[in-house]
Amino acid sequence: MINIEIENIEKSLNFILRELGSLNNENFDQKTGILKDKIDEFNKMWNLLKKKHSIEDLAPYKEKIAILTKQIKKIFDNMISEKYLESKVLLQEIENLKNKKKLQNYRR
């Protein structure tokens, strides 16, 4: 029984990894909703599994689950860093446009 539950959890985590890999600006809103639902589903399954089975029973599976969750976390961290850098570039471009507009108004 525990093997089937672990297999379902691994499938859920692998689905999340695949979806994160296909995430882009065009499908960001759609995919993030799907990802949130899958992450919630994983958390429910994992919490239920922890309630049903002892720590000793889960120990052989915990490392593999931890590896998958760390991969997901790393992808999210990288996405956040990337979006932060993009926002800084956009902010600088906006500031440059404001300064350019001020200079044009000053020249008149």
(message) For Asn27, is there any backbone N or O sitting under 3.5 Å from a side-chain donor or acceptor partner on Asn24?
(response) yes
Nearest heavy-atom contact between Asp57 and Ile2 is O-CD1, 3.8 Å
*Show the numbers, then the answer: is there a side-chain contact (heavy atoms from CB on, under 4.5 Å) between Leu49 and Tyr61?*
CA-CA 11 Å; Leu49 199 64; Tyr61 310 102; over 6 Å; no
When rounded to the nearest 0.5 Å, the distance separating CD of Glu56 from NZ of Lys62 is 10.5 Å
Residues Asn8 and Met45: closest non-hydrogen pair is O-CE, 3.9 Å
Check ion pair Glu19-Lys38 (N to O, under 4.0 angstrom)
no
Separation between CG (Leu58) and NZ (Lys52), nearest 0.5 Å, reads 11.0 Å
CD1 of Ile9 to CG of Asn14, rounded to nearest 0.5 Å, is 12.0 Å
CD1 of Ile16 to CG of Leu35, rounded to nearest 0.5 Å, is 7.0 Å
Would you call Met79 and Leu20 a side-chain contact if the rule is heavy atoms closer than 4.5 Å? yes
For Glu7, the side chain to side chain contact (heavy atoms under 4.5 Å, CB included) test, sequence neighbours excluded, returns Lys11
Are Phe42 and Ile67 in one and the same hydrophobic cluster, where Ile, Leu, Val, Met, Phe, Trp and Tyr link if side-chain heavy atoms are under 4.5 Å apart?
no
- Less than 4.5 Å apart, any side-chain heavy atom of Ile34 and any of Phe15? yes
Exercise for review: Spell out, yes or no, whether Phe76 and Leu23 are grouped together once hydrophobic residues are joined by side-chain heavy atoms under 4.5 Å, including indirect joins.
Suggested key: yes
message = I'd like to know whether CD1 of Ile55 has more than 12 heavy-atom contacts from other residues, nucleotides or ligands below 6.0 angstrom.
response = no
- Message: With a 6.0 Å cut-off (strictly less than), is the heavy-atom count around CG of Leu85, excluding the residue itself, greater than 12?
- Response: yes
- Take Ile6 and Trp46, measure what side-chain contact (heavy atoms from CB on, under 4.5 Å) needs, and give me the verdict at the end. CA-CA 9 Å; Ile6 292 293; Trp46 184 246; 4.3 Å; yes
| Short N-O contact, Glu41 and Lys44, less than 4.0 angstrom | no
For the pair Asn47 (side chain) and Asn43 (backbone), establish whether a donor and an acceptor sit closer than 3.5 Å, ignoring hydrogens and angles. yes
In sequence, state the C-alpha distance, the side-chain angles, and the governing distance for Gln92 and Asn96, and then conclude on side chain to side chain donor-acceptor pair (under 3.5 Å). CA-CA 6 Å; Gln92 186 60 47; Asn96 290 343; 3.0 Å; yes
